[in-house]
There are 2 protein chains.
Amino acid sequence: MATIKDIAIKTNLSTTTVSLVLNNRADNIPQKTKDIVLKAARDLNYSPNQLAVALVTKRSKTLGLIVPDIRNDFFSNLAKGIEDECRDKGWTVFLCNSNDMHDRDLEYIKILAGKGVDGILYCMSSDSDAKKFKEKYELFQRFGIKFIALDRYFDFPNIITARLDHLKGGYLATKHLIDLGHRRIACLTGPNNLIDSNERLKGYKMALKENGIPYDPNIIIEGNYQVEGGLSAVDKLVKTDFTAIFAFNDMMAYGLFKGLQTHGLFVPKDISIVGYDDIYLSEILEVPLTTVHQPVELMGKTATNYLINLIENEVENNVIPTHAPKLVVRKSTAKLNSS
Amino acid sequence: MATIKDIAIKTNLSTTTVSLVLNNRADNIPQKTKDIVLKAARDLNYSPNQLAVALVTKRSKTLGLIVPDIRNDFFSNLAKGIEDECRDKGWTVFLCNSNDMHDRDLEYIKILAGKGVDGILYCMSSDSDAKKFKEKYELFQRFGIKFIALDRYFDFPNIITARLDHLKGGYLATKHLIDLGHRRIACLTGPNNLIDSNERLKGYKMALKENGIPYDPNIIIEGNYQVEGGLSAVDKLVKTDFTAIFAFNDMMAYGLFKGLQTHGLFVPKDISIVGYDDIYLSEILEVPLTTVHQPVELMGKTATNYLINLIENEVENNVIPTHAPKLVVRKSTAKLNSS
DNA sequence: TTGAAAGCGTTACCAG
DNA sequence: CTGGTAACGCTTTCAA
């Protein structure tokens with residue numbers, strides 16, 4: 001690989017001059033000299049060594065991305081948005097999977113710091129609690145690395161977060177069912193320790209309240225975000241008088257669908273279902289699923305854009321706008337008593 | 001961030017000594033001195049600046065990963081295997097999405113070279129032909145970057161590839177149907193310019209031949225790896241006397257399933273289907289899909305291991321073993337005339 | 001057993 | 001307008 005020195009030698013100029021020209025800082029250098037340098041650079045197929053650049057400028061134009069597991073649709077969409085934005089801005093991104101382990105989070109923060117990243121997009125491991133999150137927060141501080149917490153976070157001062165509006169999503173889903181005439185709306189939540197699940201539940205409650213429907217814990221079931229959770233929830237639900245259900249993700253909604261079928265209950269004739277996530281699958285199922293779509297990829301882009309801006313301008317311009325989800329009405333919901 | 005110099009000052013030793021100790025090259029240094037250095041390093045929370053290390057050692061312990069689109073299940077599984085292996089070995093990986101564009105491939109190779117990666121795991125954009133592939137090959141050469149072509153490649157001398165055995169997969173799928181008594185086995189392939197599709201077709205033909213079943217182009221349909229391709233293929237197929245079909249991926253298999261349903265044909269009673277990929281979905285469908293599972297993640301791990309080895313030892317030990325797929329028999333296939 | 005000094009490829013300051 | 005030189009943080013001879 002050709003270096004700046006090679007160009008300097010070839011052109012009989014100093015490395016300073018070459019560097020200046022190559023970085024467009026050559027205000028006082030005649031076009032003629034510039035052309036010579038540029039030509040030599042092209043001839044030698046010069047490409048700057050970013051390691052050296054980063055060493056001296058203290059800026060690598062590199063971000064780290066820490067997610068629990070890139071195989072998960074949510075995270076791969078996030079990663080896509082992030083990488084796209086990086087590319088647009090001439091940045092580059094390291095991929096790290098924590099496998100949902102706090103210790104890995106810590107380890108990766110250290111590694112990325114060593115690699116000289118300017119910032120980290122961080123989606124914390126699901127085994128984190130407030131204390132563990134704080135530990136990581138302090139590590140970021142110690143290394144002086146700016147970071148943005150993606151979707152998952154604990155509320156500390158000065159934490160910058162990129163958020164999906166789960167409350168609104170919960171509200172939209174529930175409101176839709178209410179508008180269709182349902183009043184006995186069951187809820188299959190995610191794990192109770194997850195903030196997104198809690199927020200969605202809040203949205204659910206808000207919609208109920210707003211419409212004068214009493215909240216009934218008997219038709220709220222804690223799920224696990226797996227198909228199987230939907231399946232097993234059905235056994236409990238069939239003993240109640242529910243007419244609709246809001247599942248906190250599409251996989252569980254699908255489990256519900258199958259479970260109901262085995263009980264001779266049909267969607268949407270007998271029971272209406274709303275899911276959450278809008279995974280690829282949902283559109284093409286036997287009964288296309290009404291669900292809540294989240295702008296995950298966009299959130300990735302926005303967060304990245306914000307982070308880069310933060311790094312380059314050192315000012316926290318303002319807050320990242322929360323990303324609003326959108327209800328996608330398909331065939332799994334119907335008017336009550338439409339049968 | 002503390003540097004080696006800080007430690008040297010604090011301990012009244014030279015940077016040389018500190019470096020030696022920290023890198024376990026301190027054969028001639030008394031334990032006492034070592035302890036002092038180690039303690040100081042801990043106290044100062046020292047962590048080496050890998051940019052500087054890379055600059056001087058010419059080795060960054062960093063790989064690049066170029067894939068068409070990380071949102072695709074196949075690639076995110078690949079990425080997971082790769083990143084896992086990197087982590088195990090103390091390496092790190094840059095993520096790049098080419099969006100299936102040749103020009104992006106080129107661009108990323110240059111960028112990664114600039115970032116000082118020691119090697120690249122490369123899955124080429126689908127718009128590549130032999131000529132374009134060669135262009136990229138030469139770029140790798142010019143930068144002196146070792147690379148491994150993942151799954152997709154063109155046969156040039158000295159190209160190291162990590163391969164899935166699509167021929168075997170095609171053979172297994174077809175053989176399974178033959179064993180069930182089927183002789184009129186249709187085929188819904190991928191795009192004809194893709195090597196994996198061609199290989200699977202070869203496997204299909206091999207199985208037919210081996211069993212004395214004539215090859216009939218009339219029941220071979222070129223697909224597009226999309227659900228919709230499966231759907232539309234049904235319209236052509238129902239005019240033939242096929243009793244089984246081998247779809248070259250699960251998404252199309254699912255499309256077939258739905259299409260057949262609208263024609264009053266049931267799986268596996270009327271028609272047997274074998275898919276390919278074993279995506280998450282396949283196990284939980286109405287009729288769980290018999291399909292071919294590919295060890296994608298493992299291939300990622302193996303390729304990474306090999307590449308790192310290649311970089312560190314400079315010798316091409318031997319060829320990466322081809323990864324054999326596995327038939328997963330579920331409910332979408334049945335004996336002919338079992339109805 | 002330890003240290004001085006050169007060098008990796010850049011940028012950036014200050015002279016000329 | 002251009003160049004010399006220091007510096008970034010580290011490793012690596014070579015000498016002492």
Side-chain angles (χ1 to χ4, degrees), chain A residues 1-38 40-41 44-62 90 110-111 113-118 143-144, chain B residues 1-38 40-41 44-62 110-111 113-118 143-144 312:
Chain A
M1 288 255 291
T3 73
I4 232 174
K5 219 179 202 166
D6 296 327
I7 300 180
I9 293 172
K10 182 165 180 175
T11 57
N12 275 320
L13 289 163
S14 71
T15 57
T16 308
T17 308
V18 174
S19 174
L20 252 26
V21 172
L22 258 24
N23 290 298
N24 284 319
R25 301 239 174 95
D27 301 330
N28 308 319
I29 294 180
Q31 191 59 41
K32 206 181 257 175
T33 311
K34 285 188 191 173
D35 289 342
I36 293 173
V37 171
L38 261 14
L44 291 173
N45 229 301
Y46 172 77
S47 152
N49 180 330
Q50 301 295 347
L51 295 172
V53 174
L55 189 60
V56 50
T57 61
K58 306 268 184 210
R59 192 126 294 169
S60 64
K61 289 201 164 208
T62 296
K110 285 178 203 154
I111 292 174
K115 295 280 182 172
V117 300
D118 296 328
F143 288 128
Chain B
M1 289 256 291
T3 73
I4 231 174
K5 217 180 204 164
D6 296 326
I7 300 180
I9 293 173
K10 181 167 180 174
T11 58
N12 276 319
L13 289 164
S14 71
T15 59
T16 308
T17 308
V18 175
S19 172
L20 252 26
V21 173
L22 259 24
N23 289 300
N24 285 319
R25 300 240 173 94
D27 300 331
N28 307 320
I29 295 180
Q31 193 58 42
K32 205 181 258 176
T33 313
K34 284 188 193 172
D35 290 342
I36 294 173
V37 171
L38 261 14
L44 292 173
N45 229 301
Y46 173 76
S47 152
N49 180 329
Q50 301 296 348
L51 295 172
V53 174
L55 190 58
V56 50
T57 62
K58 306 269 183 207
R59 191 126 295 170
S60 63
K61 289 200 167 210
T62 296
K110 285 179 203 154
I111 291 174
K115 294 278 181 173
V117 300
D118 296 328
F143 289 127
E312 292 186 329

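Order of the sequence lines fixes the chain letters, A, B, ..., with proteins taken first and strands second; residue numbering starts at 1 for each chain.
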- Note on the structure: B/Ile111 meets the side-chain contact (heavy atoms from CB on, under 4.5 Å) criterion, sequence neighbours left out, with A/Thr92, B/Glu107, B/Tyr108, B/Lys115

- Message: Once you apply a heavy-atom cut-off of 4.0 Å, does A/Leu13 come out as touching a base, just sugar-phosphate, or nothing?
- Response: sugar-phosphate

- Item | Any residue of residues 28-38 of chain B with a heavy atom less than 4.0 Å from an atom of DNA chain D | none

- Shortest non-hydrogen contact between A/Arg59 and A/Asp118, atoms and distance: CG-OD2, 3.4 Å

- Touch class at under 4.0 angstrom, heavy-atom based, for A/Arg25 against every strand present: sugar-phosphate

- Within this structure, what is the CG-to-C1' distance between B/Leu51 and C/dC8, rounded to whole angstrom? 13 Å

- With a non-hydrogen cut-off below 4.0 angstrom, is B/Asp6 in contact with a base, only sugar-phosphate, or nothing? nothing

- For the pair made of NZ in B/Lys5 and P in C/dA4, what is the distance, rounded to whole Å? 12 Å

- Closest heavy-atom pair, B/Asp6 versus B/Met1, reported as atoms and distance to 0.1 Å, is OD2-O, 4.2 Å

- Query: What's the shortest heavy-atom distance between B/Tyr46 and B/Leu22, and which atoms?
  - Reply: CE2-CD2, 3.6 Å

- Checking A/Ser19 side chain against A/Thr15 main chain: does a donor-acceptor pair fall under 3.5 Å? no

- Query: Earliest and latest nucleotide of DNA chain D, 5' to 3', sitting under 4.0 Å from a non-hydrogen atom of chain B?
  - Reply: D/dG9 to D/dT13

- Item | B/Ala40 versus B/Thr11, closest heavy-atom pair with distance | CB-CG2, 3.5 Å

- Write down the distance between CD1 (A/Ile7) and P (C/dG9), rounded to a whole number of angstrom. 13 Å

- Task: Work out which heavy atom in A/Val117 is nearest to a heavy atom in A/Ser60; give both atom names and the distance.
- Result: CA-OG, 3.8 Å

- Task: Send over the distance from A/Ile9 CD1 to C/dT10 P, rounded to a whole Å.
- Result: 12 Å

- Message: For a quick check of understanding: with a heavy-atom distance under 4.0 Å over all strands, which category does B/Thr16 fall into, base, sugar-phosphate or nothing?
- Response: base

- Item | Interatomic distance where CG belongs to A/Leu22 and P belongs to C/dA12 [whole Å] | 13 Å

- How long is the span from the CD1 atom in A/Ile4 to the OG1 atom in A/Thr16, to the nearest 0.5 Å? 9.0 Å

- Item | Contact nearer the 5' end of DNA chain C, comparing B/Leu20 with A/Val53 | B/Leu20

- Looking at CG of B/Asn12 and CD1 of B/Ile36, how far apart are the two atoms once the value is rounded to the nearest 0.5 Å? 9.5 Å

- Item | Euclidean distance, atom CG of residue B/Leu55 to atom C1' of C/dC8 [Å, nearest integer] | 4 Å

